[in-house]
Amino acid sequence: MEKEIVLYRTFDSAVEANIVKDVLETNGVPCFLSNEIFSSVLPLTNSAVGAIRLNVFAEDVEKADTILSTKTLPDTQE
């Protein structure tokens with residue numbers, strides 16, 4: 001049986017996307033980024049098409065929410 005993969009969050013910044021991805025993976029939530037290369041080719045695209053997408057298994061969404069609500073992430077906004 002295949003597990004359902006869902007879009008968890010989108011990011012405009014590859015740095016921020018990778019930080020969140022690393023935090024989740026470090027805490028046992030398998031995830032992956034998509035659209036990262038397209039976003040770097042067209043960095044001015046600020047839409048659903050150009051956003052970097054963080055994907056997780058549907059069964060891990062609640063765990064990811066809990067992890068990210070309890071972790072202090074670095075501020076990547078300039």
Side-chain angles (χ1 to χ4, degrees):
M1 176 180 261
E2 293 184 28
K3 295 181 180 182
E4 180 185 5
I5 296 171
V6 296
L7 172 62
Y8 181 66
R9 287 196 182 169
T10 61
F11 302 90
D12 295 325
S13 161
V15 172
E16 185 178 7
N18 278 288
I19 289 171
V20 173
K21 176 183 172 284
D22 290 345
V23 167
L24 291 177
E25 288 180 332
T26 299
N27 288 280
V29 176
C31 56
F32 66 93
L33 297 174
S34 59
N35 220 25
E36 191 173 12
I37 294 173
F38 181 76
S39 179
S40 67
V41 173
L42 293 172
L44 299 177
T45 305
N46 189 9
S47 67
V49 174
I52 299 168
R53 299 171 185 165
L54 177 63
N55 303 280
V56 300
F57 291 115
E59 64 190 30
D60 293 328
V61 168
E62 187 175 324
K63 183 177 180 181
D65 287 341
T66 301
I67 291 166
L68 294 178
S69 70
T70 60
K71 299 290 180 189
T72 303
L73 300 176
D75 185 13
T76 58
Q77 300 295 323
E78 295 180 358

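What you see is a predicted model, and the numbers here were worked out from it, not measured in a lab. For the numbers below, each heavy atom of this structure counts, side chains included, while hydrogens, waters and symmetry mates do not. Numbering of residues begins at 1 and proceeds along the displayed sequence.
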Heavy-atom closest pair, residues [X] and [Y]:
X: Ser69; Y: Thr66; result: OG-O, 2.9 Å
X: Asn35; Y: Ala51; result: ND2-O, 2.9 Å
X: Asn55; Y: Leu33; result: ND2-C, 4.4 Å

Residue pair [X] / [Y], side-chain heavy-atom distance below 4.5 Å:
X: Asp65; Y: Tyr8; value: yes
X: Val56; Y: Lys63; value: no
X: Ile52; Y: Glu16; value: no

Same cluster or not: are [X] and [Y] linked, directly or through other Ile, Leu, Val, Met, Phe, Trp or Tyr residues, by side-chain heavy atoms under 4.5 angstrom apart?
X: Phe32; Y: Val29; answer: no
X: Leu54; Y: Phe57; answer: no
X: Ile67; Y: Val6; answer: yes

CD/Glu59: more than 12 non-hydrogen atoms of other groups inside 6.0 Å: yes
Matching residue for Leu24 among Asp22, Val20, Asn27, Thr26 - test: side-chain contact (heavy atoms from CB on, under 4.5 Å): Val20
